[in-house]
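See structure below.
Just so it is clear, the values below take in all heavy atoms, side chains as well, and ignore hydrogens, waters and symmetry mates. Throughout, protein chains are lettered first and strands after them, A, B, ... in sequence-line order, and every chain is numbered starting at 1.
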Amino acid sequence: MRELRYKKQIYDLVKKRSQEDDNVNEYRMPDAYDDEGGVNQEKRFSVAMERYRDSKDGDKMNPFAEQEAWEDHQIGKATLKYGSKNKKQADDYNFVFEDQIEFIQGQVMGGVNVDDEVNEEEYEKSIAKSAHEKLLADRKTLPVYPYRESLLKAVEDHQVLVIVGETGSGKTTQIPQYLHEAGYTKRGMIGCTQPRRVAAMSVAARVSQEMNVKLGHEVGYSIRFEDCTSDKTVLKYMTDGMLLREFLGEPDLQSYSVVMVDEAHERTLSTDILFGLVKDIARFRPDLKLLISSATLDAEKFSDYFDSAPIFKIPGRRFPVEINYTKAPEADYLDAAIVTALQIHVTQPPGDGDILVFLTGQEEIETAEEILKHRTRGLGSKIAELIICPIYANLPTELQAKIFEPTPEGARKVVLATNIAETSLTIDGIKYVIDPGFVKMKSYNPRTGMESLLITPISKASANQRAGRSGRTGPGKCFRLYTAYNYFNDLDDNTVPEIQRTNLANVVLSLKSLGIHDLLNFDFMDPPPAEALLKALELLFALSALNKHGELTKVGRKMAEFPLDPMLSKMIVASDKYKCSDEIISIAAMLSIGSSIFYRPKDKQVHADNARLNFHMGNVGDHIALLKVYSSWKETNFSTQWCYENYIQVRSMKRARDIRDQLEGLLERVEIELVSNPGDLEAIKKSITSGYFPHSAKMQKNGSYRTVKHPQTVYIHPSSGLAQVLPRWVVYHELVLTTKEYMRQVSELKPEWLVEIAPHYYQLKDVEDLASKKMPRGEGRASKD
DNA sequence: GAGCACTGC
């Protein structure tokens, strides 16, 4: 009954929408009513299919014969349908495979006209003589161009302006130039923030070309590890995190006349903090202009937050995207995604566009790749070639390049991507998007301090962003593997902003060092949970970064200089006392890149594990092992070959080197001497403990651990060098919740260090070892080495 | 004996 009611609602909804929207080409009655409960001949599983299915469960006899029978059957259907009906393929594609998925067409999204004045512009372009003149002509063809004067007027009249500019409007490249041309740069720089490094670099490069100046002179960019600006710079593109760092050195942003926060709708941690800060300084700097640029959906919200700032709308340049929903919810979205991809591939003419599938992670992508390869192999030359391209952030760079290679004639590309394809990279030639509606998202529990990655449904905003990836170079189609009802009723409007689901220790330290004391009443657009703020304050107090009154201490000020989590910063500050800052910054760099240092391909897991064991010799613990990895690599003069031989990710190591170099430079600023003391492992571990003493745990009888301060049962992660050693006392880098509550990156600890290093945090009774009455200290299993 | 979405300083 429930199912039926849903379908009725979908029907009404789709019908209503189709009447409202003239863009809907054709409304197809959902089949839900005529075959409800009945068996449609077309859809009945063939004998071959049933046998195939059975063979998957119990009886594994002759699986390949079954598979072949099934494939032959499918091919028959596919070629039949494709050959006989090449005109209305779109309507028939879902009858090609037996375990087909039926879609219902919903709304058509976007479809902002690709300017009618195109001809005039083309003319203008054609008469341009030099390359630079062509660039100038191009500037005038952008959708934002007609709004130049009214935009300048609006900026003049209002201090804060919310700009709604869809992708392709040219807002990021043009608006700063307009303001420059109008003379705003006489009073200071125009800063434009981006959520990603590559965006800041490429936009700056484009603008410098348009202005015919050398990149880094009048137009520059500033990102971590790379400051490409000079005294001449008036237009500065930068990452949002970089502007946040600049705030620390210049709390009134005196050198800027305009700040434009671009892509504000992405709500990164940094933009959310920037909002509060720029809103605050705008009050006593009436000459500072603020531009907040966002996508359509939440413009009102931005306007409300900035005291009803006017909203300035600029149309984009997009092609229409037809949205399709499944008729019924799909139980297995991975299978549904694969079937849909094959349906599209077989029924749509080759060469008309590639397919992009959004999956949640590496493992899922690898599984999908295997299944797709297996199924298309069986089809052989009877169908057009399907090129499978996996893409995720951890994929080695040389393999990532594959998605950008043009699709050969007569073939089709299917890109299996994580969320990396939602905003971070754009792939040309995508016409079809398959969206199962899930994403892997990090969540943080402030009570337990535990992080976990959960597969969660995406938001409507995210679903629309995904759909839009199909309409970049021509009209697109999006296949959502969930129902229209799910979309309208179950999905949240927007993704929960990062600030509400992350550890805030670093945020709080930065705000404190900006002199913001009342954090619970700080004007956040969406305030984080009070519990998370309190947890952060509590930690900073424990680390002696804050005093009793919540004010920053000398130690805290030093810590704030480092772009790291406070516990890592504290570890570095403490290394000054133990005379091993050289080793500690290497460890800090290695820890701060996360745990994707060791490369472990499926087919060489044993080799990879053996290579890793080398660094764990002597059960020194994971921190020292990381140090050994870094030092060994440095001894080879940062050899790439060495990384391959030891199954270590080259990219991660290069990142660690960059971070380490930066940390080394910062040591001087906080007056810590760079001292090397590689032999004294105790000094190194004491420095680590100085930052990580709140993360101590004691082994229990069954080999599990009990965290000391906020007691909970945890385990050493199996990838740890100490997983088999089980020392009595350990200090850990982080807690993650996966199949169990795991400690990742673990080192052995002497309990007396805790009272020695953090007497304000641990009393003797905390570290009292009942067993030690029978067994003297130091006789634990780990100490036998 | 497990599994790491994506950014950023």
Checklist entry - Do any of residues 648-656 of chain A sit with a heavy atom less than 4.0 Å from DNA chain B, and if so which? => result none

Checklist entry - Taking only N and O in the side chain of A:T418, is any of them less than 4.0 Å away from OP1 or OP2 of B:dC6? => result yes

Checklist outcome for this item: Here the distance between atom C1' of B:dC4 and atom CD1 of A:I420, to the nearest Å, is 14 Å

Checklist entry - Between A:R245 and B:dG8, is there a side-chain N or O to OP1/OP2 distance below 4.0 Å? => result no

Checklist entry - Checking all strands, does A:N394 fall into the base, sugar-phosphate, or nothing category for heavy-atom contacts under 4.0 angstrom? => result base

Checklist entry - Are A:F438 and A:Y333 close enough that their ring centres sit under 6.0 Å apart? => result yes

Item to check | Nucleotide B:dC9, atom P - distance to CG of A:L591 in whole Å | outcome: 19 Å

Item to check | Most 5' of A:E363 and A:L269 on DNA chain B, judged by nearest nucleotide | outcome: A:E363

Checklist entry - What's the NZ-C1' distance between A:K440 and B:dA5, to the nearest Å? => result 7 Å

Item to check | Qualifying salt bridge (Lys or Arg N to Asp or Glu O under 4.0 Å) pairs with a residue from residues 189-203 of chain A, counting only residues at least two apart or across chains | outcome: A:R196-A:E266

Next on the checklist: If the cut-off is 4.0 Å, is A:T239 near the phosphate of B:dC9, judged by side-chain N/O to OP1 or OP2?
Outcome noted: yes

Item to check | Nearest-angstrom distance from the residue atom CG of A:L244 to C1' of B:dC9 | outcome: 8 Å

Item to check | Verdict with supporting geometry, A:R744 and A:D622, salt bridge (Lys or Arg N to Asp or Glu O under 4.0 Å) | outcome: CA-CA 9 Å; A:R744 262 205 307 230; A:D622 299 326; over 6 Å; no

Checklist entry - Can you check whether A:M201 reaches A:Q194 side chain to side chain, under 4.5 Å on heavy atoms? => result no

Checklist entry - Base, sugar-phosphate alone, or nothing: which one does A:I659 contact when heavy atoms must sit under 4.0 Å apart? => result nothing

Checklist entry - What is the nucleic acid contact for A:S719, judged by heavy atoms within less than 4.0 Å: base, sugar-phosphate only, or nothing? => result nothing

Item to check | A:Q400/A:Y392 under side-chain hydrogen bond (donor to acceptor under 3.5 Å, both in side chains): CA gap, chis, key distance, verdict | outcome: CA-CA 8 Å; A:Q400 285 193 1; A:Y392 44 89; over 6 Å; no

Next on the checklist: Base, sugar-phosphate or nothing for A:Y742? Non-hydrogen atoms, less than 4.0 Å.
Outcome noted: sugar-phosphate

Next on the checklist: Does the plane of the ring in A:H623 sit parallel, tilted or perpendicular to the ring in A:H733? Use 30° and 60° as the thresholds.
Outcome noted: perpendicular

